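Inspection log for the structure reproduced underneath, given as structure tokens.
These numbers come from the heavy atoms of this one structure, side chains and all, not from hydrogens, waters or symmetry mates. On a predicted model such as this, the values are computed, not experimentally measured, just so you know.
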Amino acid sequence: GDLVYAAKPRFTSFGFGLLKKVFSKTPLILDIDDWEVGFYLKKGFLSRLVKFLHVENPNGFFWTWRLQFFIDRADGKTTVSTFLRDRYGGEIIAHAKDTDFLDPERFKGDDSRKRLGLEDKKTVMFLGTPREHKGVEDALQAVLMINDPDLIMVIVGGDPDGDYEKRLKALGGDRLLMIGQIPFKDIPGYLPAADMVVVPQRQTTDTTGQVPSKILDAMSMARPIISTKVSDIPKILNGCGIVVCPESPEEISNAIQWVLSNPEEAARMGENARENCIIYYSLKTIGTCLEKIVREVIEDSK
């Protein structure tokens, strides 16, 4: 190859990219889509120490921390958020979406609802792997605050046998539908069943630099979106989503009730979200930006 594009500053990606650069003079671009060290900082001191001492794990805390000192050796850097760009430099290249594939005109919401048994339900959907830092529990509590048995939360992408998922199921009872992991190609067949999509990120060291890709999936499918004031989410959803404070089930609950009470305005909000996704986050748009970076790095290496 003319260039190595390493995904994440981890040893088994960026580390090997650095070795390739040293021995073969191959230019290297590093993509940083998470604050990797931040995943360890929320742990207690003893937990961090134990993980730090596990040097045999090439993608563990020690090597992840050590590689932070070599990030500037990359010939180019791309990131997904303002926090990561300010910390490491480089250019923001957002998650790109195939807006022709993720097109609501190709799918019918009623068909999705019928297939999932949700014809008579009002649905708040979370798409992705549920984790505590993603605030799924906050969204579920928000749903339970609303005294409407026809309003349920649907989680698509969880492990029904997982410990956290079992905890959520115990909390939500019959007002929570847990669907297991699905292939990416099936996502457009599930999102139309949602009256709204929630991405209730909490403000933690896990999420500080994150931009959840599932927000853009929902935008492309023109779904009303409720999310939180974390990382660049307010900027992304400006004018095309509802943004509330993190870890506030009350605010999420109020937002849910607004969407249900204002269906026409919520639908327009979803349409604005799709329009923004096409303009700023489509494969064509992001591809043009990325091609420019790649060509510049290759030219500078000659």
Quiz item: With distance as the sole test, does D34 use its side chain to make a donor-acceptor pair with the main-chain N or O of G209 at under 3.5 Å?
Solution: no
Can I get a per-line list of side-chain donor-acceptor pairs under 3.5 Å for residues 233-243, giving both atom names and the distance, sequence neighbours left out?
none

Exercise. May I ask you to test the L28-K20 pair for a side-chain heavy-atom distance under 4.5 Å?
Key: no
Quiz item: F101 and R106: which non-hydrogen atoms are nearest, and at how many Å?
Solution: O-NH1, 2.7 Å
Quiz prompt | Residue pairs, two or more places apart or on separate chains, that pass salt bridge (Lys or Arg N to Asp or Glu O under 4.0 Å) and touch residues 54-77 | solution = K21-D75, D72-K77
Exercise. Would you check if the side chain of S227 reaches a backbone N or O of V199 as a donor-acceptor pair within less than 3.5 Å?
Key: yes
Practice problem: For residues R48 and F61, report the shortest heavy-atom separation together with the two atoms involved. | Solution: O-CD2, 3.5 Å
Quiz item: Between M221 and P192, is any pair of side-chain heavy atoms under 4.5 Å apart?
Solution: yes
Quiz prompt | Partner residues of E271 under the side-chain hydrogen bond (donor to acceptor under 3.5 Å, both in side chains) criterion, sequence neighbours left out | solution = none
Quiz item: Counting heavy atoms not belonging to Y280, are there more than 12 under 6.0 Å from its OH?
Solution: no
Check residues 292-302 and write down every donor-acceptor pair under 3.5 Å in which the side-chain atom is one partner and the other belongs to a residue at least two apart or another chain.
| unit_1 | atom_1 | unit_2 | atom_2 | d |
| --- | --- | --- | --- | --- |
| K292 | NZ | E296 | OE2 | 2.8 |
| R295 | NE | E291 | OE2 | 2.9 |
| R295 | NH2 | E291 | OE2 | 3.0 |
| E299 | OE2 | K302 | NZ | 3.2 |
| S301 | OG | I298 | O | 2.7 |

Quiz item: Which other residues end up in the same hydrophobic cluster as I278, if Ile, Leu, Val, Met, Phe, Trp and Tyr are linked when side-chain heavy atoms come under 4.5 Å apart?
Solution: none
Exercise. Might you point out which heavy atoms bring D33 and K8 nearest each other, and give the distance in Å?
Key: OD1-NZ, 2.7 Å
Self-check item: Non-neighbouring partners of F62 that pass ring-ring contact (aromatic ring centres under 6.0 Å, His included), sequence neighbours left out
Solution: F52
Quiz item: Do L177 and T123 have side-chain heavy atoms sitting under 4.5 Å apart?
Solution: no
Self-check item: Closest contact, heavy atoms only, P9 versus L30
Solution: N-CD1, 3.8 Å
Quiz item: Side-chain contact, heavy-atom cut-off 4.5 Å: P249 with M145?
Solution: yes
Quiz prompt | Neighbour count above 12 (heavy atom, 6.0 Å) for F23 CZ | solution = no
Quiz item: Which pairs pass salt bridge (Lys or Arg N to Asp or Glu O under 4.0 Å) with one or both residues in residues 211-233, sequence neighbours excluded?
Solution: K97-D217
Name each donor-acceptor pair under 3.5 Å that joins a side chain in residues 151-163 to protein atoms two or more places apart or in another chain, with its distance.
| unit_1 | atom_1 | unit_2 | atom_2 | d |
| --- | --- | --- | --- | --- |
| D159 | OD1 | D161 | N | 3.0 |

Exercise. Apply side-chain hydrogen bond (donor to acceptor under 3.5 Å, both in side chains) to D148 and list each qualifying residue two or more places apart in sequence or on a separate chain.
Key: K122
Practice problem: Just grab all the ring-ring contact (aromatic ring centres under 6.0 Å, His included) pairs involving residues 77-98, residues at least two apart or on different chains. | Solution: W35-F83
Quiz item: For D206, what residues pass the side-chain hydrogen bond (donor to acceptor under 3.5 Å, both in side chains) criterion, not counting sequence neighbours?
Solution: K42
Practice problem: Given side-chain hydrogen bond (donor to acceptor under 3.5 Å, both in side chains), test Y5 with T78 step by step and report yes or no. | Solution: CA-CA 10 Å; Y5 196 177; T78 58; 2.7 Å; yes
Quiz item: So, do V143 and V198 sit near enough that their side-chain heavy atoms are less than 4.5 Å apart?
Solution: no
Quiz item: Is L260 reachable from I225 through a run of I, L, V, M, F, W or Y residues, each pair having side-chain heavy atoms under 4.5 Å apart?
Solution: no
Exercise. With sequence neighbours excluded, tell me which residues meet side-chain hydrogen bond (donor to acceptor under 3.5 Å, both in side chains) with K121.
Key: none
